[in-house]
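Take a look at the structure set out below.
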Amino acid sequence: MAAPLSDTSLSPLKTIAVVGLGTMGTGIAEVLARAGREVVGIDIDEAAATKAVAALDAATARAVDRGRLTEQERDDTLARFRTFTDLRAAADADLVVEVVPESYDIKQQVLQALDGIVRPDTVLATGTNALSVTRLAADSARPERVLGLHFFNPAPAMKLVEVVSSVLTAPAAVTAVTNLALDLGKEPVAVGDRPGFVADGLLFGYLNQAAAMYEAKYASREDIDAAMRLGCGLPMGPLALLDLIGIDTARTVLEAMYAASHDRLHAPAPILKQLSEAGLTGRKSGRGFYTYEAPGSPVVVRDAATPPEDAGPVSGRPVRSVGVAGSGTMASGIAEVFAKAGYEVVIAARTEEKARGAKARIGKSLARSVDKGRMTTEAAAQALDRIRPTGSYDDFADVDLALEAVAEDLEVKQQLFATFDKVCKPGAVLATTTSSLPVVACARATMRPQDVIGMHFFNPAPAMKLVEVVRTVLTGDDVHATVREVCASVRKHPVDCGDRAGFIVNALLFPYLNNAVKMVQEHYASLDDIDAAMKLGGGYPMGPFELLDVVGLDVSLAIEKVLHREFRDPGLAPAPLLEHLVAAGCLGRKTGRGFREYAKR
């Protein structure tokens with residue numbers, strides 16, 4: 001039996017072989033060569049090796065043009081990269097990174113062949129993002145030296161590297177590869193061996209749900225993507241991202257995840273299979289969820305599913321005045337949005353004092369906008385003058401749009417809509433800002449359900465561009481048209497969706513957050529590593545635990561319970577850890593402690 005690797009048995013990782021010179025392999029080779037490593041690029045396809053050399057030549061030329069490399073550094077980098085078509089070229093490597101196609105058979109063949117070529121102390125790293133590192137290691141002659149090294153695409157730009165250990169991996173191998181990642185200027189996170197690891201494990205479940213949402217015709221591809229970009233600050237919408245990753249690749253990852261978890265959230269949406277088998281794999285084929293100018297092009301072109309550019313056959317009702325019910329942050333923000341857009345606004349609360357407090361809050365917000373140069377003092381004063389605070393809903397008698405932003409409690413909202421029904425004039429549009437309750441239940445509290453619609457603004461309303469426009473089966477076409485026209489007039493982006501729990505954003509966001517909690521609960525990865533993985537690997541503006549603490553763990557738990565109750569999917573059941581923290585009063589930043597502790601104000 002071979003002796004196990006020890007901290008002293010590993011030489012520094014100076015010479016590194018990269019097996020597989022596709023996009024990812026070429027990117028990894030560039031990162032290594034620019035960091036001073038001797039790089040042996042290996043691909044059985046000589047054309048791929050030639051293309052990799054040309055890609056490195058072009059990338060380093062761009063770096064010189066941008067002042068990031070000198071000509072001498074470029075020459076040195078190119079000299080450190082040599083390509084071969086035979087695995088035996090890896091004989092003197094300290095580390096071999098394989099990034100061959102995502103297939104057990106192919107990867108096992110490569111790793112077993114390397115067993116007979118490399119030194120006993122050479123570390124073997126697989127670049128898989130979907131297959132079991134343990135299974136690949138177990139078939140190697142020296143499983144203790146096999147681990148996962150998952151770079152993200154494009155490797156030169158993306159900071160995250162997941163270092164994946166199996167139960168067989170020697171700590172010395174993990175240390176050596178982690179140190180290498182740090183030396184490359186990357187941020188390594190240590191994770192265990194399960195399909196998708198951290199970043200893809202969370203990302204692909206979310207992408208799969210988005211595909212299923214589109215397949216169910218719940219919302220258009222454009223609205224799903226816009227909702228997640230504008231509502232969550234993501235760099236790309238989920239369907240556009242699936243096209244970029246490759247729909248066939250996503251299906252492979254999800255199949256592996258489902259085989260391990262048996263979680264229905266990971267069972268690939270049928271549309272992924274249909275598109276893959278039709279060869280519609282995304283950008284690389286020129287068509288996936290969207291149609292592209294040419295294979296490989298990022299330019300989306302119109303197709304049969306592209307929404308028409310005209311407004312449609314139905315005109316909306318005229319809206320000049322708006323009533324906002326509520327005195328909290330959301331109500332104040334919505335009133336500010338409408339006042340700045342030139343609407344006369346009545347803000348009503350349970351007492352006139354509360355309504356005046358809301359107007360004072362709006363005044364401070366407008367003053368901040370003036371200080372930042374976003375509006376003039378005169379414009380701010382005019383906006384504030386358009387807002388009339390009141391302690392009586394009777395003052396909604398003449399408004400054209402009555403919009404509630406009160407507590408997220410169905411009974412409270414139904415009572416308010418019954419009041420709207422009595423005091424608002426015929427033809428007034430009645431809207432709820434609920435994020436999780438059924439809009440139709442509010443509509444049924446009135447004698448005019450055709451006038452009721454959901455307008456889900458996002459917090460802070462003055463800054464966030466998205467509004468989810470939620471039609472019930474009873475909502476009139478002219479009411480829907482009215483709300484879309486109003487959204488345009490206040491410079492918000494409306495997305496259409498049906499009246500079901502979570503609408504678009506929360507229905508996709510909160511299962512992802514819940515799965516992150518389950519990862520911590522199962523001691524799979526740390527809070528910090530998961531947050532780092534999603535920010536660095538997924539481009540999220542906040543990690544899931546940062547976001548949960550900001551939103552409030554009690555609010556998050558309530559939304560997850562609503563989703564679980566509506567869809568009855570066991571995978572949507574709230575993580576027990578989240579329930580325990582809420583029961584303990586650890587609700588996030590607002591209480592000073594959630595998943596993390598915060599300094600008291």
Side-chain angles (χ1 to χ4, degrees), residues 319 321-335 338 345-359 361 387-459 461 467-476 479-480 482-483 486 498-503 506 552 554-555 557-559 561-563 565-566:
V319 175
S321 60
V322 178
V324 179
S327 58
T329 304
M330 181 58 82
S332 301
I334 292 170
F338 280 104
V345 178
V346 179
I347 185 163
R350 284 174 292 179
T351 66
E352 188 168 338
E353 183 182 4
K354 284 183 175 294
R356 289 185 183 280
K359 181 172 180 177
R361 187 183 302 119
I387 299 171
R388 178 163 64 95
T390 178
S392 172
Y393 293 121
D394 289 343
D395 290 317
F396 281 9
D398 293 321
V399 301
D400 302 307
L401 167 64
L403 193 151
E404 70 76 19
V406 298
E408 193 74 348
D409 179 295
L410 184 56
E411 188 175 344
V412 171
K413 290 184 187 292
Q414 286 176 319
Q415 289 174 357
L416 185 54
F417 271 84
T419 301
F420 284 174
D421 196 31
K422 292 174 185 174
V423 304
C424 293
K425 67 185 180 183
V429 174
L430 312 180
T432 171
T433 62
T434 183
S435 63
S436 59
L437 300 174
V439 177
V440 75
C442 296
R444 292 298 301 275
T446 75
M447 298 298 290
R448 38 176 150 172
Q450 72 280 1
D451 291 340
V452 178
I453 195 166
M455 288 183 73
H456 180 212
F457 286 78
F458 287 74
N459 204 16
V467 176
E468 289 178 319
V469 178
V470 187
R471 293 187 68 163
T472 76
V473 292
L474 303 173
T475 303
V479 170
H480 173 250
T482 301
V483 167
V486 165
D499 184 19
R500 74 180 197 190
F503 311 136
N506 286 348
D554 52 340
V555 174
L557 178 60
I559 292 172
K561 284 181 175 178
V562 168
L563 292 172
R565 192 161 57 241
E566 172 117 339

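Any value given below was found using the heavy atoms of this structure, including those in side chains, with hydrogens, waters and symmetry copies removed.
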Exercise. Which value, rounded to the nearest 0.5 Å, describes the distance between K561 atom NZ and R565 atom CZ?
Worked result: 8.5 Å
Exercise. Looking at I453, V439, V440, which one forms a side-chain contact (heavy atoms from CB on, under 4.5 Å) with L474?
Worked result: V440
For this session: Would you check if V469 and M455 make a side-chain contact, meaning some heavy-atom pair closer than 4.5 Å?
Result: no
Seminar exercise, completed: dist C442:SG -> L410:CG (nearest 0.5 Å) comes out at 6.0 Å
For this session: Kindly indicate whether the side chain of V452, heavy atoms from C-beta on, has any atom under 4.5 Å from the side chain of T475.
Result: no
Exercise. Got a second to check how far R448's CZ is from F420's CZ, nearest 0.5 Å?
Worked result: 10.0 Å
Exercise. Counting only heavy atoms not in K425, do more than 12 fall under 6.0 Å of its NZ?
Worked result: yes
Problem set entry | Minimal non-hydrogen separation, A331 against A325, with atom names | CB-O, 4.2 Å
Problem set entry | Student check: side-chain heavy atoms of K413 and L437 closer than 4.5 Å | yes
Exercise. Is there a side-chain contact between K354 and R356, using heavy atoms and a 4.5 Å cut-off?
Worked result: no
Seminar exercise, completed: So CG of L416 and CD of E404: to nearest 0.5 Å the spacing works out to 6.0 Å
Problem set entry | Whether D421 side chain and M447 backbone form a donor-acceptor pair below 3.5 Å | yes
For this session: Please determine, by modelled atom types, if T329 and S332 share a side-chain donor-acceptor pair under 3.5 angstrom.
Result: no
Problem set entry | SB check R471 D499 (cutoff 4.0 Å) | no
Exercise. Between G498 and V470, which heavy-atom pair has the shortest distance, and what is it?
Worked result: O-CG1, 3.5 Å
Exercise. Do H456 and N506 touch side chain to side chain, with heavy atoms closer than 4.5 Å?
Worked result: yes
Problem set entry | Heavy-atom side-chain proximity of I387 to F338 below 4.5 angstrom | no
For this session: Working to the nearest 0.5 Å, report the span between OG of S327 and NZ of K359.
Result: 15.0 Å
Problem set entry | Any donor-acceptor N or O pair under 3.5 Å, side chains T390, E352 | no
Exercise. Is the number of heavy atoms from other residues, nucleotides or ligands within 6.0 Å of CG (D409) greater than 12?
Worked result: yes
Problem set entry | Nearest non-hydrogen partners of D451 and G427, listed with the distance | OD2-N, 4.4 Å
For this session: For I334 and A405, work out which heavy atoms get closest and say how close.
Result: CD1-CB, 4.3 Å
Problem set entry | Least distance between heavy atoms, L430 atom then C424 atom | CD2-SG, 4.0 Å
Exercise. Is there a donor-acceptor contact under 3.5 Å linking the side chains of E408 and T434?
Worked result: yes
Seminar exercise, completed: All heavy atoms of A461 vs all of M330, minimum pair found to be CB-SD, 4.1 Å
For this session: Could you walk me through whether E468 and F458 pass side chain to side chain contact (heavy atoms under 4.5 Å, CB included), step by step?
Result: CA-CA 9 Å; E468 289 178 319; F458 287 74; 3.7 Å; yes
Exercise. Quick one: does D400's side chain have a donor or acceptor within less than 3.5 Å of a partner on S321's backbone?
Worked result: yes
Problem set entry | Interatomic distance, S436 atom OG to F503 atom CZ [nearest 0.5 angstrom] | 7.5 Å
Exercise. Does a sphere of radius 6.0 Å around CZ in R500 hold more than 12 heavy atoms from other residues, nucleotides or ligands, not counting ones at 6.0 Å or beyond?
Worked result: yes
Exercise. Is the shortest heavy-atom distance from the side chain of F396 to the side chain of T419 under 4.5 Å?
Worked result: no
Exercise. Would T433 and L403 count as a side chain to side chain contact (heavy atoms under 4.5 Å, CB included) if you check the C-alpha gap in whole Å, the side-chain angles of each, and the deciding distance to 0.1 Å?
Worked result: CA-CA 7 Å; T433 62; L403 193 151; 3.1 Å; yes
For this session: Under the side chain to side chain contact (heavy atoms under 4.5 Å, CB included) rule, what do R388 and D395 come out as? Steps first, then yes or no, please.
Result: CA-CA 10 Å; R388 178 163 64 95; D395 290 317; 3.7 Å; yes
Exercise. So do the side chains of V479 and Q450 get within less than 4.5 Å of each other, counting heavy atoms only?
Worked result: no
